Amino acid sequence: MTAQAPANTVVVLDFETTGLSPTQGDRAIEIGAVLLENGQATARFQELMNPGFRISSFIEDYTGITNAMLQEAAPCDEVMERFYQFVGQHNMVAHNASFDQRFLEAEFDQIGRRLNGDFACSMLLSRRLFQDAPNHKLGSLVAYNNIDNDGVFHRALADSEMTAKLWLCLLEQLEQHYSLINPSFALMQQISRKSKANVASFLHKIA
DNA sequence: TGCCAGGCCCTCTTTAGGGCCTT
């Protein structure tokens with residue numbers, strides 16, 4: 001999908017992983033995703049995946065995903081091939097997208113696949129559009145925007161659901177405060193690259 | 001032995017340092 005595609009049609013995704021860096025040998029252990037089409041959640045994806053080695057007790061505690069659960073899960077390659085089919089040509093959104101993009105590219109490399117769409121980051125957008133939020137962690141932004149949630153954090157589908165709702169809040173903020181209706185994905189990327197000080201004047205100019 | 005990410009962004013900046021985010 002091109003960057004000129006509407007921002008309200010995207011795949012919002014989240015990884016749980018064995019650590020912070022695929023270049024240090026970390027692997028994905030769960031992926032969750034929500035397909036938004038015209039601002040509506042029309043499909044969901046969630047699978048655990050077996051990285052082929054035991055995960056640390058820290059990650060077990062952090063995610064609630066145990067080594068016993070992963071022993072019964074399909075290997076990463078199988079899950080990522082199914083996810084490749086799910087994501088198709090869509091653009092993607094994640095919270096702190098550079099993290100999820102690194103893992104997605106690393107896992108796709110393992111199966112000889114490449115990204116088809118572009119990434120946008122709900123954290124960078126939130127830093128520009130929710131400047132009064134206490135901080136820009138996903139959980140804090142969910143509370144700041146009174147987003148419905150079931151209290152589950154650090155699981156892939158739950159976090160991708162909340163990120164999808166946060167993404168819709170960002171679109172609503174643009175509509176309510178700057179009369180920007182149905183912006184393109186490319187414009188969202190452009191806003192995320194503006195400085196905090198300049199973003200308001202930029203948005204007023206193009207509104 | 002000890003350490004181990006990477007990108008963004010602010011400021012006491014740009015010949016740098018450190019906090020924020022993600023697991």
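Worth saying up front: this structure is predicted, and the values here are computed from it rather than measured. Here is the naming used below: chain letters follow the sequence lines, and residue numbers restart at 1 for every chain.
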Let's see if you can work this out: which of [options] has an atom nearest to the side-chain heavy atoms of [X]?
X        : options               : result
A:Leu124 : B:dA5, B:dC8, B:dG6   : B:dC8
A:Lys196 : B:dC8, B:dT22, B:dC10 : B:dC10
A:Lys137 : B:dC8, B:dG7, B:dC21  : B:dC21

Under the salt bridge (Lys or Arg N to Asp or Glu O under 4.0 Å) test, residues paired with A:Arg54 that sit two or more places apart: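 With sequence neighbours excluded, A:Arg54 shows a salt bridge (Lys or Arg N to Asp or Glu O under 4.0 Å) to no residue whatsoever.
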Pairwise C1' distance, B:dC21 and B:dT15 [rounded to whole Å]: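 So the two C1' atoms sit 28 Å from each other.
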What residues from residues 56-69 of chain A pass a heavy-atom cutoff of under 4.0 Å to DNA chain B?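 Only A:Phe58, A:Ile59, A:Tyr62, A:Thr63 qualify.
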Using a strict heavy-atom distance below 4.0 Å, which residues from residues 155-173 of chain A are in contact with DNA chain B?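 Output list: A:Asp159.
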Anything under 3.5 Å between a donor and an acceptor, one on a side chain of residues 13-20 of chain A, the other on a protein residue two or more places apart or in another chain? List them.
residue, atom, partner, partner atom, Å
A:Thr17, OG1, A:Gly19, N, 3.3
A:Thr17, OG1, A:Gly19, O, 2.4
A:Thr18, OG1, A:Asp26, OD1, 2.9
A:Thr18, OG1, A:Arg27, N, 3.0

Produce the list of close N/O pairs, under 3.5 Å, pairing protein atoms with atoms of nucleotides 2-4 of chain B; give distances to one decimal.
none

A:His95 and A:Ser122: side-chain donor and acceptor closer than 3.5 Å?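 On atom types as modelled, these side chains qualify, holding a pair under 3.5 Å.
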Could you label the plane-to-plane angle of the A:Phe185 and A:Trp167 rings as parallel, tilted or perpendicular, counting under 30° as parallel and over 60° as perpendicular?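 The rings of A:Phe185 and A:Trp167 sit tilted, inter-plane angle from 30° to 60°.
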Measure from NZ or CZ of A:Arg113 to the centre of the six-membered ring of A:Phe108, then state whether that distance is under 6.0 Å and the direction lies within 45° of the axis.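 Not flagged: A:Arg113 not positioned over aromatic ring of A:Phe108.
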Please work out if A:Ser126 contacts a base, only the sugar-phosphate, or nothing of the nucleic acid, heavy-atom cut-off 4.0 Å.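 Nothing: the residue A:Ser126, judged by heavy atoms under 4.0 Å, touches no strand.
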Not counting sequence neighbours, which residues clear ring-ring contact (aromatic ring centres under 6.0 Å, His included) with A:His204? List them please.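 Result, ring-ring contact (aromatic ring centres under 6.0 Å, His included) vs A:His204: A:Tyr178.
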Taking the side chain as every heavy atom from C-beta outward, state whether A:Gln110 and A:Met80 have any atom pair closer than 4.5 Å.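 No, their side chains stay 4.5 Å or more apart.
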